[in-house]
There are 2 protein chains.
Amino acid sequence: MDAKTLCLGALSRGDASGYEIKKAFEEGPLSHIHEASFGAIYPALTELERQGLVTGREMAQEKRPDKKVYALTEDGLRALHLALLAPPARDKTRSDFLFILFLGHRVAAPRLAELIDGRIAWYQDCLSRMEACDLSAGPPGETFVHGLGLAVYTAARDYLVAHRADLLAAVAEHDRLVAE
Amino acid sequence: MDAKTLCLGALSRGDASGYEIKKAFEEGPLSHIHEASFGAIYPALTELERQGLVTGREMAQEKRPDKKVYALTEDGLRALHLALLAPPARDKTRSDFLFILFLGHRVAAPRLAELIDGRIAWYQDCLSRMEACDLSAGPPGETFVHGLGLAVYTAARDYLVAHRADLLAAVAEHDRLVAE
DNA sequence: CATACATATAGCCGCCCGATATAAGGATGG
DNA sequence: CCATCCTTATATCGGGCGGCTATATGTATG
């Protein structure tokens with residue numbers, strides 16, 4: 001999915017500004033689903049407006065800078081539906097955390113412990129916020145993905161908690177053997 | 001992690017060619033951990049060799065094109081260790097599948113069913129291959145990440161199987177209400 | 001025998017990301 | 001009370017990357 005399609009998708013949930021679209025991908029309902037940066041969002045919105053797939057209107061605000069709010073047009077909704085019918089690209093994961101863990105025997109055990117504990121805390125925090133969300137009145141797709149996220153993050157958190165000590169012991173042992 | 005660090009990490013497991021490094025990220029032990037393309041790998045290896053972090057040697061092959069095999073130098077190992085100590089960037093996920101599911105009420109139920117069934121089959125296949133791998137003799141980090149992957153993919157597969165019918169029914173119902 | 005895939009390397013171009021820039025307002029600490 | 005940092009808001013730029021094309025040899029398939 002390119003940045004324009006991601007913006008169309010975000011706008012299909014309701015009118016939003018570039019800043020709000022970024023927030024949706026960064027910490028909102030679309031986080032952990034796809035990525036969209038300011039460097040991609042603003043040019044995409046400009047191009048979508050030029051193509052007539054969205055319309056933008058200036059909105060004055062008090063105590064905050066004015067913002068430009070975008071809305072999907074009929075053409076934009078059609079373009080989104082077409083994009084959703086295209087075969088999805090395979091998922092792509094870029095995890096420095098997993099990469100470091102994978103090479104964990106090259107990292108001091110205390111540092112590994114710190115990373116794992118940080119990740120456990122991050123999962124706890126995510127899960128708390130997700131469990132605090134009531135999506136029962138939302139569209140079924142959003143509810144489904146929310147539940148899937150809960151299941152996956154719970155499994156990951158539980159695995160880290162259950163195997164944390166084993167990994168640290170194994171890394172310490174591995175270091176000991178290598179030192180011999 | 002940039003492409004050079006990813007290559008250093010891959011080479012820390014053993015000497016390899018650019019093609020083999022790509023394979024490690026595409027379908028090998030590093031798949032689902034990070035991404036590395038040919039467009040990034042070959043320039044990275046060239047630069048790493050120029051910086052003295054790796055050395056490359058031509059290797060003739062029978063019935064196959066000759067290949068260039070790279071090996072880490074001492075400097076390269078040091079550079080890798082430094083990179084592993086840097087704070088990891090946050091994980092990034094780009095999933096067209098989740099994006100389409102999230103907007104699932106905009107997709108025909110039969111198409112959604114097809115996508116979910118395809119994803120269930122994909123998880124089954126991944127899990128079978130992962131369960132067939134015996135990593136007990138491998139470095140502890142690799143074993144840990146392998147176990148984490150198993151746990152996460154099992155949870156995801158189980159959730160899709162358990163909630164598949166509910167989602168399709170909810171989407172059909174959502175379509176019915178929208179049509180009224 | 002033509003086509004497709006695997007193995008192998010390389011380069012190119014467009015897209016994207018992270019950073020910087022600008023600006024107004026609130027929060028925090030000295 | 002002021003400096004600094006954060007939030008909100010938009011925009012742009014340069015470097016890195018990905019996907020594609022290119023070339024080449026060998027095997028597999030229809």
Side-chain angles (χ1 to χ4, degrees), chain A residues 1-7 10 15-28 31 34-50 54 56-70 83 86-94 96 99, chain B residues 1-8 10 15-28 30-31 34-51 54 56-70 83 86-96 99:
Chain A
M1 294 304 184
D2 67 352
K4 291 199 284 293
T5 303
L6 295 176
C7 287
D15 299 355
S17 64
Y19 187 83
E20 285 162 346
I21 290 174
K22 167 65 168 164
K23 281 303 183 185
F25 279 96
E26 198 168 66
E27 46 190 71
S31 54
H34 235 287
E35 296 283 326
S37 63
F38 284 127
I41 289 172
Y42 284 110
L45 288 173
T46 303
E47 177 63 14
L48 289 170
E49 189 172 27
R50 192 191 67 74
V54 304
R57 69 181 188 280
E58 286 282 335
M59 174 175 284
Q61 294 198 116
E62 288 202 19
K63 295 181 182 298
R64 292 179 167 185
D66 295 346
K67 66 181 179 182
K68 186 170 181 179
V69 175
Y70 294 86
R90 67 175 184 77
D91 290 6
K92 295 183 179 61
T93 299
R94 310 183 71 91
D96 286 4
F99 189 73
Chain B
M1 294 304 184
D2 66 352
K4 291 198 282 294
T5 304
L6 297 176
C7 288
L8 291 178
D15 299 354
S17 64
Y19 186 85
E20 286 162 347
I21 290 173
K22 168 64 168 165
K23 281 303 183 186
F25 280 97
E26 198 168 64
E27 47 189 72
L30 287 157
S31 55
H34 235 287
E35 296 282 326
S37 61
F38 283 128
I41 289 172
Y42 284 108
L45 288 173
T46 302
E47 178 62 14
L48 288 170
E49 189 171 26
R50 192 189 67 74
Q51 291 176 338
V54 306
R57 69 181 188 280
E58 287 280 335
M59 175 175 283
Q61 294 198 114
E62 289 201 19
K63 295 180 181 299
R64 291 179 166 183
D66 295 346
K67 66 182 179 183
K68 186 169 182 179
V69 175
Y70 295 86
R90 67 174 184 79
D91 290 6
K92 295 184 179 65
T93 298
R94 311 184 71 93
S95 174
D96 285 3
F99 188 73

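Throughout, a chain's letter reflects where its sequence line sits, starting with A, and its residues are numbered from 1.
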(message) Just the rounded figure in Å: distance from C1' of D:dG19 to CZ of A:Arg90.
(response) 11 Å
(message) Output the rounded distance in Å from CD (A:Glu49) to P (D:dT10).
(response) 12 Å
(request) Using a strict cut-off of less than 4.0 Å between a Lys/Arg side-chain nitrogen and an Asp/Glu carboxylate oxygen, indicate whether A:Lys92 and A:Glu35 qualify as a salt bridge. (result) no
(request) Taking the side chain as every heavy atom from C-beta outward, state whether B:Glu49 and B:Lys68 have any atom pair closer than 4.5 Å. (result) yes
(request) Pick base, sugar-phosphate or nothing for B:Lys92, based on heavy-atom distances below 4.0 Å to the nucleic acid. (result) sugar-phosphate
(request) Take the protein atom CD of A:Glu35 and the nucleotide atom C1' of C:dC15, then report the distance between them rounded to whole Å. (result) 15 Å
(request) Would you kindly give the CG-to-P distance between A:Leu45 and D:dT10, to the nearest whole Å? (result) 9 Å
(request) Taking B:Asp96 for its side chain and A:Met1 for its backbone only, find out whether a donor-acceptor pair lies under 3.5 Å. (result) yes
(message) What is the separation between atom CD1 on A:Ile41 and atom P on C:dC15, rounded to the nearest whole Å?
(response) 16 Å
Please enumerate all protein N or O atoms sitting under 3.5 Å from an N or O of nucleotides 26-28 of chain C, with distances to 0.1 Å.
unit_1	atom_1	unit_2	atom_2	d
C:dG26	OP1	A:Lys63	NZ	3.3

(request) Answer yes or no: is there an ion pair linking B:Glu20 with B:Lys23, defined by an N-O contact shorter than 4.0 Å? (result) no
(message) In whole Å, I'd like the distance from the CD atom of A:Glu62 to the C1' atom of D:dA9.
(response) 16 Å
(request) Mind listing the closest non-hydrogen atom pair of B:Tyr70 and B:Ser17 along with its distance? (result) CD1-CA, 4.4 Å
(message) Using only atom types and a distance under 3.5 Å, with no angle test, would you say the side chain of B:Asp66 pairs donor to acceptor with the backbone of B:Gln61?
(response) yes
(request) Output yes when a side-chain donor or acceptor of B:Thr46 lies under 3.5 Å from a complementary backbone atom of B:Tyr42, and no otherwise. (result) yes
(request) Look at A:Arg94 and C:dC17 and indicate whether a side-chain polar atom (N or O) is within less than 4.0 Å of OP1 or OP2. (result) no
(message) Any heavy-atom pair between the side chains of A:Glu47 and A:Leu45 that's under 4.5 Å?
(response) no
Which protein N or O atoms sit under 3.5 Å from an N or O of nucleotides 6-11 of chain C?
unit_1	atom_1	unit_2	atom_2	d
C:dT7	OP2	B:Tyr19	OH	3.0
C:dA8	OP1	B:Gln61	OE1	3.1
C:dA8	OP1	B:Gln61	NE2	2.3
C:dT9	OP1	B:Lys68	N	2.6
C:dT9	OP1	B:Lys68	O	3.3
C:dT9	OP2	B:Tyr19	N	3.1
C:dT9	OP2	B:Tyr42	OH	2.9

(message) If I take atom CD in residue A:Glu26 and atom C1' in nucleotide C:dG18, what distance separates them, rounded to the nearest angstrom?
(response) 12 Å
(message) Please verify the inter-ring angle class for B:His34 with A:Phe99; under 30° counts as parallel, over 60° as perpendicular, anything in between as tilted.
(response) perpendicular
(message) So if I take every side-chain heavy atom of A:Asp2 and compare against D:dG18, C:dC16, C:dC17, which nucleotide ends up nearest?
(response) C:dC16
